[in-house]
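Reading through the structure tokens given below for one structure.
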Amino acid sequence: MKFFHTADWHLGKLVQGIYMTEDQRFVLEQFLQAIDIEKPDAVIIAGDLYDRAVPPTEAVHLLDELFAEIVLKRNTPLLTIAGNHDSPSRLNFGSQLMKETGLHIVGQLSRNMQSIVLNDTYGEVHFHLVPYADPSQVRYLMEDETIITHNQAMKKIIELIEEKMDKTKRHVFVGHAFVTPHGQEQENTSDSERPLAIGGAEYVNASLFQPFHYTALGHLHQAHYVLNETIRYSGSPLKYSISEEHHKKGFFIVEMDAEGKTTVEKRLLAPTRDMRTVEGFLQDILKQPVSEDYVFVKLLDDTPVLSPMEQIRTVYPNAMHVERKAFQLISLSEEPEVGRTKKDEYTLFRSFYSEVSGKEASVETGEIFKEVLTVLAREEREGGKSN
């Protein structure tokens, strides 16, 4: 069986005040062309279809177009789940009806999980679609008060799947989580992806996925495998922050044989505009050829520069940031950003608390704030509040 593995489309993404919808359309049309050439038996999208719970209208229309092109025009089954940026209830709406067309969407986790069964010349392949769910949701659903971390939640979910699993068949897990080789803390692959939890509770041990012949993951934006080559992140199809500057964006073509052994080929997608860093003195930068790329400029000039963004945009009309040698950030509006904006909410809270009260926040106060952050994140997803 041959299937495509992609994830983290983030349709409706806004980067430095610029909507990426047309850029997304450009690369995803290449994805459709690859379907025409390769004719896969299925397409997997491992979460974060949208960038926010209530996406812009243009993003909704684009996803509708793409799904129609894949499922209706190309008659290719599409299997997808909700990620942490998606609204579970919105994606879940009409999912039962859409199954008849070959579109399999799982927005909300259910205790009565059913695999999607597709067939090839060797028999059945079972796809287990597990949408993003924070530990509190899994704890309530499974009626297990011991579930606190994402690792414990995933372990419980996989145990439930294994209870019904026919070990004589081939199995593919589709999930959205922060998976590391041994469940240890690890750097995210992009600044554009929000944390799943505060305080180290978001990491999932890759060894949990041993029962599956292939694990198709979403959430981390750089394509890579975890622990072994059957557990993979496809990465996002487009760069969504300058931290992704050196990522090679694309998707995976996975082929599975009769025993469930897989071979994986990475297929690159070419953006209409690159996202990259330009560094140098202003007078040298202004001599460079005009480029439509999204650039983050680092000026080496020691002396003040008058209207640097205005000058740079004569060469780079889509420039997103200008940064002075002293790392003072100049945004699109030419207003300096405060260094704190790159800190996470918990770190900002501790800094604010210290400045206001004159003392460090206690452990108990910190834990209360973490709980509030978790509840707010869940309400944003379930209630559909935009970022």
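The figures here come from the full heavy-atom set of this structure, side chains too, leaving out hydrogens, waters and symmetry mates. Quick note: residue numbers are just sequence positions, from 1.
Atom CG of Leu299 and atom CG of Asp284 lie 11.0 Å apart (nearest 0.5 Å). We find the CG-CD distance between Asn188 and Glu202 to be 7.0 Å, quoted to the nearest 0.5 Å. Atom CD1 of Ile18 and atom NZ of Lys13 lie 13.0 Å apart (nearest 0.5 Å). Residue Ile45 holds its CD1 atom at 3.5 Å from CH2 of Trp9, rounded to the nearest 0.5 Å. Taking CE of Met113 as the start and NZ of Lys164 as the end, the distance is 6.5 Å to the nearest 0.5 Å.
Both tests pass for Arg232 against the ring of Phe252: distance under 6.0 Å to the centre and angle within 45° of the axis.
With respect to Lys155 and Asp144, no salt bridge is recorded, no charged nitrogen being found less than 4.0 Å from a carboxylate O. A salt bridge links Asp274 to Lys239: at least one charged side-chain nitrogen sits closer than 4.0 Å to a carboxylate oxygen. Salt bridge status for Glu310 with Arg313: absent, with no side-chain N to carboxylate O gap under 4.0 Å.
Aromatic pair Tyr132/His150: ring centres closer than 6.0 Å.
Residues His221 and Lys249 have side chains in contact (heavy-atom distance under 4.5 Å, counting atoms from C-beta outward). No side-chain heavy atom of Leu79 sits less than 4.5 Å from a side-chain heavy atom of Phe3.
Using modelled atom types and a 3.5 Å distance limit, the side chains of Tyr19 and Gln24 yield no donor-acceptor pair. Judged purely by distance below 3.5 Å, without hydrogens or angles, the side chains of Ser207 and Asn205 pair a donor atom with an acceptor atom. Between Glu193 and Asn84, the side chains place a donor N or O and an acceptor N or O closer than 3.5 Å (distance only, hydrogens not considered). Between the side chains of Ser136 and Asp134, at least one donor N or O lies within less than 3.5 Å of an accepting N or O. For Asp301 and Thr303, the side-chain atoms include no donor-acceptor pair closer than 3.5 Å.
Partners of Thr21 by side chain to side chain donor-acceptor pair (under 3.5 Å), not counting sequence neighbours: none found. Tyr214 is linked by a side chain to side chain donor-acceptor pair (under 3.5 Å) to His5, counting only residues two or more places apart in sequence or in another chain. Qualifying side chain to side chain donor-acceptor pair (under 3.5 Å) partners for His171, counting only residues two or more places apart in sequence or in other chains: His128. Residues that satisfy the ring-ring contact (aromatic ring centres under 6.0 Å, His included) test with His224, not counting sequence neighbours, are Tyr233. For the ring-ring contact (aromatic ring centres under 6.0 Å, His included) test, residues two or more places apart in sequence or in another chain that qualify with Phe251 are Phe4, Phe31. With sequence neighbours excluded, the residues forming a ring-ring contact (aromatic ring centres under 6.0 Å, His included) with His176 are His219, listed by chain and number. With sequence neighbours excluded, the residues that form a side chain to side chain donor-acceptor pair (under 3.5 Å) with Glu65 are Arg25.
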(message) For Asp41 and Leu118: C-alpha separation, side-chain torsions, deciding distance, then whether side chain to side chain contact (heavy atoms under 4.5 Å, CB included) applies.
(response) CA-CA 8 Å; Asp41 298 298; Leu118 301 180; 5.8 Å; no
(request) Output, in order, the C-alpha distance, side-chain angles, deciding distance and verdict of side chain to side chain donor-acceptor pair (under 3.5 Å) for Thr230 and Asn228. (result) CA-CA 6 Å; Thr230 66; Asn228 66 69; 2.4 Å; yes
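Its side chain outside the 4.5 Å cluster rule for every partner, Ile37 clusters with none of the Ile, Leu, Val, Met, Phe, Trp and Tyr residues. Taking Ile, Leu, Val, Met, Phe, Trp and Tyr as members and joining any whose side-chain heavy atoms lie under 4.5 Å apart, directly or through other members, Val290 forms no hydrophobic cluster with any other residue. Residues near Leu306 contribute nothing to a hydrophobic cluster around it, because no ILVMFWY side-chain heavy atom sits closer than 4.5 Å to its side chain.
Environment of CD in Glu187: sparse, with no more than 12 heavy atoms of neighbouring residues, nucleotides or ligands closer than 6.0 Å. Lys261 NZ: 12 or fewer foreign heavy atoms inside a 6.0 Å radius. A 6.0 Å sphere centred on CG of Asn119 holds more than 12 heavy atoms belonging to other residues, nucleotides or ligands.
Legend: ring pair (Phe, Tyr, Trp, His ring centres under 6.0 Å) pairs involving residues 35-75, not counting sequence neighbours: none detected. Each ring pair (Phe, Tyr, Trp, His ring centres under 6.0 Å) pair with one or both residues in residues 280-309, not counting sequence neighbours, appears once here: Phe296-His321.
When the options Leu72, Thr76, Val71 are evaluated for a side chain to side chain contact (heavy atoms under 4.5 Å, CB included) with Arg74, the one that passes is Thr76.
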